Amino acid sequence: MTGIKELRDVVDRFRAEERKAATAVNLVPSENRLSPLAQLPLSTDYYNRYFFNDALDPGFWQFRGGQEVAEIQTELARGHLSRLSRAPHVNERPISGLSAMMMALAGLGGKPGGTVVSVGAESGGHYATAGMARRLGFESATVPVAHGQVDEQRLGQLLRERTPQLLYLDLQNSRHELEVSRVAELIKEYSPSTLLHVDCSHTMGLILGSALGNPLDAGADTMGGSTHKTFPGPHKGVLFTRSPELHQRLKDAQFTMLSSHHFAETLSLGLAAAEFHHFGQAYAEQVIANARLFSKLLAADGFDVAADENGHATSTHQVWVKIGDAERTDRISQALYEHGIRVNVQVDLPGLPGPALRLGVNELTFTGGREAAVHALAEEFGNARAGVRRDGDGARRVCEQSGPPFYFAEFS
Ligand SMILES: Cc1ncc(COP(=O)(O)O)c(C=O)c1O
């Protein structure tokens with residue numbers, strides 16, 4: 001049995017790791033850090049509560065615990081997310097990107113047996129999409145994407161021959177912005193009944209910050225995804241549309257797929273969105289500038305940075321670096337970790353077989369990393385490769401070069 005002493009040890013471990021995490025440099029592109037303001041609801045009683053009364057119907061307070069802060073969800077969260085996305089209809093109930101994906105597939109995929117087309121995992125699509133579509137009773141087909149461009153020939157063929165009910169564009173691994181407007185044109189030409197959904201989990205913060213184009217402006221019917229990758233929010237998901245009918249379809253699917261939407265996290269999402277209005281664009285532009293500078297500095301130092309034929313390495317937050325075989329990749333990952341710099345190793349990046357580092361500068365940027373910090377970071381990569389610095393202080397040296405964070409520090 002685990003006794004009180006062991007539990008105290010666990011608490012001590014948590015505290016020690018918290019101190020380390022607070023000063024670590026995290027380069028996992030699927031993660032970010034909550035601002036002190038957005039963190040606030042997570043340690044309140046609202047973490048324990050359900051909240052169902054979205055319409056604030058005075059006769060529908062079956063669960064009363066969230067009553068006094070209801071408008072933080074219904075007005076602050078939904079209102080700010082709606083303004084950021086320029087979508088009048090927002091569903092803030094999904095609890096993650098996959099949860100939003102499930103609702104979008106179920107709500108928009110039409111009758112079982114129909115075809116859902118998504119992006120092939122080998123060209124950067126999410127690993128789960130095709131399998132989830134099949135589990136929900138759809139036929140699944142995939143299209144390749146290269147440099148952010150959907151393969152027009154293959155898509156045209158699928159649209160003509162299969163008349164899919166839904167085209168679900170889901171880029172998990174991409175250094176390029178997804179080109180949506182040409183896809184919308186092809187749908188109009190070959191299969192106007194096909195719905196277009198863009199799952200922008202990875203680039204959500206760059207889109208809501210207007211550094212990348214809004215898929216809804218480019219002709220997507222709906223969009224959505226995670227709120228904790230480039231968007232600096234809690235682990236949640238969201239779905240947007242300009243169509244009241246599609247909003248209702250998504251809501252109907254959500255109603256039977258999700259009960260607890262994690263109320264405290266949803267309040268946190270509202271605060272993150274409200275805060276994002278003040279700095280979202282500057283942050284999103286800085287993320288892309290930092291990713292480009294980081295690519296350039298690493299390449300100049302001899303690292304094998306993935307780039308197009310013209311040398312262009314990234315138009316998103318992601319930077320991919322090939323280190324060598326699994327052992328060498330793990331060695332540099334471990335060396336950086338010992339310096340408080342946390343990287344992400346992937347083994348199936350499109351066009352880059354075998355292990356590689358998939359890096360994201362979103363969290364570093366959110367916490368105040370700009371040009372000087374990126375220079376320091378690139379230097380630490382060089383140090384880790386050469387094994388020259390053994391003081392474990394790499395993250396500290398990077399943080400010392402950071403400026404003020406984008407978020408409101410006064411709520412710390
Ligand atoms: C396109 C896409 N969809 C869905 C997901 C899953 O998101 P989550 O981990 O929040 O469930 C991801 C995660 O990387 C993603 O990139």
Side-chain angles (χ1 to χ4, degrees), residues 26-34 38 81 91-109 116-133 135-136 140 142-145 148 150 166-180 183 196-208 212 215 220 222-240 250 253-254 257-258 260-262 265-266 268-269 272 287 314 316-320 344-350 358-360 362-363:
N26 184 47
L27 299 174
V28 179
S30 350
E31 296 174 345
N32 212 315
R33 192 181 295 220
L34 279 180
L81 288 167
N91 190 321
E92 69 287 354
R93 291 193 84 91
I95 53 169
S96 70
L98 267 194
S99 156
M101 178 194 287
M102 187 166 61
M103 290 168 199
L105 291 175
L108 308 173
V116 170
V117 177
S118 56
V119 177
E122 64 293 341
S123 60
H126 193 267
Y127 76 89
T129 316
M132 189 187 287
R135 279 177 184 271
L136 290 169
S140 161
T142 57
V143 275
V145 170
V150 175
L166 175 64
L167 174 53
Y168 189 101
L169 294 182
D170 52 326
L171 271 186
Q172 170 178 26
N173 295 320
S174 184
R175 301 177 287 109
H176 299 89
E177 179 174 12
L178 180 68
E179 217 287 302
V180 178
V183 173
L196 175 58
H197 177 85
V198 177
D199 176 345
C200 49
S201 290
H202 259 276
T203 50
M204 182 73 79
L206 307 181
I207 290 170
L208 297 187
L212 297 183
T222 51
M223 69 171 184
S226 321
T227 55
H228 47 267
K229 301 184 193 308
T230 49
F231 187 78
H235 276 239
K236 278 279 293 170
V238 67
L239 291 162
F240 302 105
L250 291 167
Q254 169 248 297
M257 293 182 139
L258 189 90
S260 173
H261 70 318
H262 299 183
E265 283 90 327
T266 311
S268 162
L269 179 58
V287 168
T314 186
T316 68
H317 59 307
Q318 293 194 20
V319 174
W320 300 349
N344 179 215
V345 177
Q346 293 283 327
V347 292
D348 51 5
L349 296 175
R358 184 186 66 154
L359 307 169
N362 27 322
E363 184 170 333

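Whatever order the structure lists ligands and atoms in, that order sets their numbers, starting from 1. What you see is a predicted model; the values in this text were computed from it and never measured.
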- Message: Can you confirm whether Leu98 sits close enough to His126 that some side-chain heavy atom of one is under 4.5 Å from a side-chain heavy atom of the other?
- Response: yes
- Check if His228 has a non-hydrogen atom at a distance under 4.0 Å from any atom of ligand 1. yes
- Task: Distance to 0.1 Å, residue and atom name: give those for the protein heavy atom nearest to atom 10 (O) of ligand 1.
- Result: Gly97 N, 2.8 Å
- Query: Does a side-chain heavy-atom distance below 4.5 Å link Ser30 with His202?
  - Reply: yes
- Check each heavy atom of His126 against ligand 1 and say whether those closer than 4.0 Å belong to the side chain, the backbone, both or neither. side chain
- Message: Geometry only, no angles: is Asp199 polar-contacting ligand 1 at N/O separations under 3.5 Å?
- Response: yes
- Query: Under a 4.5 Å cut-off applied to non-hydrogen side-chain atoms, are Asn32 and Phe231 in contact?
  - Reply: no
- Query: Nearest protein heavy-atom contact for atom 16 (O) of ligand 1: which residue, which atom, what distance?
  - Reply: His202 CD2, 3.2 Å
- Message: Just so I know, are the side chains of His197 and Leu166 near enough to count as touching, which here means a heavy-atom distance under 4.5 Å?
- Response: yes
- shortest atom 9 (O) of ligand 1-to-protein heavy-atom contact is with Lys229 NZ, 3.8 Å
- Atoms in ligand 1 flagged as close to Leu98, the criterion being non-hydrogen separation under 4.0 Å: 6 (C), 7 (O), 8 (P), 11 (O)
- Message: Heavy atoms only, cut-off 4.0 Å: how does Leu171 contact ligand 1, side chain, backbone, both, or neither?
- Response: backbone
- Task: Check whether any side-chain heavy atom of His317 lies under 4.5 Å from a side-chain heavy atom of Leu206, and answer yes or no.
- Result: yes
- Can Arg33 and Asn26 be counted as having a side-chain donor-acceptor contact under 3.5 angstrom? no
- Student check: side-chain heavy atoms of Tyr168 and Leu108 closer than 4.5 Å: no
- Query: In ligand 1, which numbered atoms sit nearer than 4.0 Å to a non-hydrogen atom of Ser226?
  - Reply: 7 (O), 8 (P), 10 (O)
- Message: Using a 4.0 Å cutoff against the non-hydrogen atoms of Gln172, which atoms of ligand 1 qualify?
- Response: 14 (O), 16 (O)
